[in-house]
Amino acid sequence: MSPEILVVRNGDGYRVLHGHLHLASVLNASNEFIVDASGEGKVKVVKTPGGILIGEENQRLPLLKN
C-alpha cells in the first residue's frame with residue numbers, strides 16, 4: 001500500500017487524484033497493488049488484459065482515463 005497514490009470514485013469508475021506516475025511504475029512491476037481511495041479506505045488495483053480495475057472481487061470498476 002502506498003499513501004503516495006490516491007484514487008477517487010467518479011461515477012462508474014475511479015480516477016487517480018495523486019500519484020499517476022508512481023501507480024504506472026508499480027503496475028509495470030506487479031499486476032496488483034493496494035492504494036487509498038478517498039472516502040473508502042484501501043482498495044486493490046488490478047492490471048488485466050482489458051484494462052486497470054479497482055475494487056473488491058465482487059465489484060471492480062475501471063480506472064477512467066483523464
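Side-chain atoms are counted along with the backbone in the values below, which use heavy atoms only and exclude waters and symmetry mates. None of the values given here were measured: they were computed from a predicted structure.
Counting heavy atoms from C-beta on, the side chains of Arg9 and Leu61 come closer than 4.5 Å. With a 4.5 Å cut-off on side-chain heavy atoms, Ile5 and Asp36 do not count as touching. Considering only heavy atoms from C-beta on, Tyr14 comes within 4.5 Å of Glu40 through its side chain. At least one side-chain heavy atom of Leu27 sits less than 4.5 Å from a side-chain heavy atom of Val45. Val43 places none of its side-chain heavy atoms less than 4.5 Å from the side chain of Ile34.
Legend: residues meeting salt bridge (Lys or Arg N to Asp or Glu O under 4.0 Å) with Glu56, ordered by chain and number and at least two apart, are absent. Partners of Thr48 by side-chain contact (heavy atoms from CB on, under 4.5 Å), not counting sequence neighbours, listed by chain and number: Val46, Leu53. Applying the side-chain contact (heavy atoms from CB on, under 4.5 Å) criterion to Asn10, with sequence neighbours excluded, gives Arg15, Leu64. Contacts of Lys44 classified as salt bridge (Lys or Arg N to Asp or Glu O under 4.0 Å), with partners at least two apart in sequence or in another chain: Glu32.
When all heavy atoms of Pro62 and Asp12 are compared, the closest pair comes out as CD-O, 3.4 Å. When every heavy atom of Ser38 is checked against every heavy atom of Val8, the shortest pair comes out as CB-CG2, 4.1 Å.
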Report the C-alpha separation of Val35 and Leu6 in whole Å, then their side-chain angles, then the decisive distance to 0.1 Å, and conclude whether the side-chain contact (heavy atoms from CB on, under 4.5 Å) test is met. CA-CA 6 Å; Val35 299; Leu6 179 64; over 6 Å; no
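Here the side chain of Lys47 pairs no donor or acceptor atom with the backbone of Ile52 at under 3.5 angstrom.
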